[in-house]
Amino acid sequence: MLLNCLSINSFRNIRRSDIHFDSRFNVFYGKNGQGKTNYLEAIFFLGTLKSFRHARQRDMLAWNENSAFLKCSVIDNELQHDLSVSFENSSKILKVDCKASPRVIDYCHHLSVVAFSPEEITMINGSPDQRRRYLDRAVFCKDPGYLKIYHDYYRVLKQRNQLLRHRNYGGIEAWTEQLASTGAKLVLERSAYIRELVEPFSGYYKNISGSDEVARLCYHNPSFESCFSLSEIRDEFFRALIVSSRSERERGTTVVGPHRDDLEFFLNDRPIREHGSQGQQKSFVMALKMAEIEHLNETSGRLPILLLDDMTAELDKDRIQHLLDFLISRNIQVFITTTDPASLPLPEEIRRASFLVEEGRIV
């Protein structure tokens with residue numbers, strides 16, 4: 001997969017920009033606060049219709065502007081497609097090859113992106129919600145069809161919580177059955193993804209850390225973590241909802257389900273958030289990204305575009321070298337932001353393009 005060019009209008013502090021990229025490494029550099037990350041965020045938004053900073057749409061509009069426009073040209077398996085998104089505060093208009101795309105799943109199939117940013121490091125010690133967001137985004141990158149499963153569950157959850165909040169219990173049984181069915185699909189997709197990631201992830205961690213430490217991922221759902229079939233998960237979830245019904249009515253909300261699950265990280269069978277050093281935690285997240293890229297390639301035959309935001313600020317020299325060695329060995333297109341391009345130890349023969357960013361402009 002190759003991002004050939006990018007056009008931006010009124011996005012963050014970028015009033016207008018048109019850029020052509022190299023097929024290998026593309027480096028945005030400049031002082032802090034100039035808008036380097038905004039270019040990566042625009043690429044990520046074109047691929048996922050989300051911000052990796054978890055920003056709202058209206059927060060991505062340029063100052064005093066009511067709308068923004070993003071467009072790119074993507075080459076995938078020797079086929080070229082033009083993607084565009086125009087958006088206002090909450091609405092979007094999506095187009096593929098100048099034709100309106102009625103379904104998000106049809107649009108998002110065309111550009112696969114993986115982002116590595118400082119926010120990814122913080123998820124280890126952050127809230128379960130951060131880790132669920134990461135997991136949902138990773139599963140979506142593998143299969144855009146996951147978006148419907150995700151939205152179906154949270155739509156039913158919202159309706160059910162409204163009944164609980166207003167103590168309107170008529171018809172709640174039907175919503176409970178729907179929640180169990182939609183939630184089972186969500187859990188099945190999440191847990192299957194983590195199981196597929198476990199082995200490559202463990203190997204990448206050992207390579208990066210240069211040690212025999214055993215890194216492990218675990219998708220944690222206290223009600224049915226040992227059940228793997230859809231029917232088993234649905235039945236266990238339904239039983240958990242029945243058991244917790246008194247607590248739900250007291251608290252006015254659904255207290256069990258995948259919206260409360262967690263992605264747990266272990267090093268030598270101990271929680272890394274409690275016992276891991278900064279270096280170990282950084283290695284952990286880097287191995288997670290490598291495994292994610294490898295898994296995407298194996299399952300879809302496509303290497304995603306990789307976005308590395310402020311990488312050199314988060315990783316030491318050895319870890320940067322391990323990551324670059326991994327990227328150089330694969331035919332993957334990479335976009336990097338940094339304050340100092342000299343801090344990237346890329347061999348001279350590796351193709352690259354560099355872009356100096358000042359106040360949102362490429363100069």
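Owing to the predicted nature of the structure, the values given are computational and were not obtained by experimental measurement.
- One finds a salt bridge joining Arg132 and Asp129 here, because a Lys/Arg side-chain nitrogen approaches an Asp/Glu carboxylate oxygen to under 4.0 Å.
- The aromatic rings of Phe284 and Phe265 are tilted relative to each other, their planes meeting at an angle between 30° and 60°.
- Contact annotation: the side chain of Thr37 approaches that of Arg53 to within less than 4.5 Å [non-hydrogen atoms, C-beta and beyond].
- Inspection of the Asp106 and Ser101 side chains reveals no N or O donor paired with an N or O acceptor under 3.5 Å.
- Distance alone, capped at 3.5 Å, places no donor-acceptor pair between the Ser7 side chain and the Asp18 backbone.
- For residues 166-191, no residue pair satisfies the ring pair (Phe, Tyr, Trp, His ring centres under 6.0 Å) rule, not counting sequence neighbours.
- Using a 3.5 Å distance cut-off with no hydrogens or angles, the side chains of Tyr205 and Glu213 do pair a donor with an acceptor.
- Of all non-hydrogen atoms in Ala287 and Ile208, the two that sit nearest each other are N-CD1, 3.6 Å.
- Ring orientation note: the planes of Phe28 and Tyr39 are close to parallel, at an angle under 30° on the 30°/60° scale.
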Tell me which donor-acceptor pairs under 3.5 Å the side chains of residues 84-100 have, and how far apart each pair is, sequence neighbours excluded?
{"unit_1": "Lys92", "atom_1": "NZ", "unit_2": "Gln57", "atom_2": "OE1", "d": "2.8"}
{"unit_1": "Asp97", "atom_1": "OD1", "unit_2": "Asp82", "atom_2": "N", "d": "2.8"}
{"unit_1": "Asp97", "atom_1": "OD2", "unit_2": "His81", "atom_2": "ND1", "d": "2.9"}

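- Environment of CD in Glu359: sparse, with no more than 12 heavy atoms of neighbouring residues, nucleotides or ligands closer than 6.0 Å.
- The nearest pair of heavy atoms linking Ser247 to Val255 is OG-CG1, 4.1 Å.
- Of all non-hydrogen atoms in Ala180 and Arg234, the two that sit nearest each other are O-CG, 3.7 Å.
- Not a single side chain to side chain donor-acceptor pair (under 3.5 Å) links Asn4 to another residue, sequence neighbours left out.
- For Glu78, the CD atom sits in a loose shell: 12 or fewer heavy atoms of surrounding residues, nucleotides or ligands are nearer than 6.0 Å.
- The two residues Ser354 and Tyr29 come nearest to each other via the heavy atoms CB-CE2, 3.9 Å.
- Environment of CZ in Arg16: sparse, with no more than 12 heavy atoms of neighbouring residues, nucleotides or ligands closer than 6.0 Å.
- Heavy atoms from other residues, nucleotides or ligands lying under 6.0 Å from CD of Glu274 number more than 12.
- The main-chain N or O of Ile328 is found under 3.5 Å from a side-chain atom of Arg24 such that the two form a donor-acceptor pair.
- Every residue meeting the salt bridge (charged side-chain N to carboxylate O under 4.0 Å, His left out) condition with Lys148, not counting sequence neighbours, appears here in chain and number order: Asp152.
- Shown here are the side chain to side chain contact (heavy atoms under 4.5 Å, CB included) partners of Lys185, two or more places apart in sequence or in another chain: Ile149, Leu230.
- The stretch residues 285-304 participates, sequence neighbours left out, in these ring pair (Phe, Tyr, Trp, His ring centres under 6.0 Å) pairs: Tyr193-His295.
- Nearest heavy atom pair, residue Ile194 against residue Leu217, reads CG2-CB, 4.0 Å.
- Atom CG of Asn66 has 12 or fewer neighbouring heavy atoms from other residues, nucleotides or ligands inside a 6.0 Å radius.
- In terms of heavy-atom proximity, Glu41 sits nearest to Ser51 at OE2-OG, 2.6 Å.
- Test Leu296, Asn297, Asp76 against Arg302 for side-chain contact (heavy atoms from CB on, under 4.5 Å) and you get one pass: Asp76.
- Of the possible donor and acceptor atoms, one in the side chain of Asn161 sits under 3.5 Å from a partner among the backbone N and O of Thr254.
- For the residue pair Asn221 / Glu236, no side-chain donor-acceptor distance below 3.5 Å is found, with atom types taken as modelled.
- Enclosure of atom CG in Asp212 is not indicated, since only 12 or fewer non-hydrogen atoms of other residues, nucleotides or ligands lie within 6.0 angstrom.
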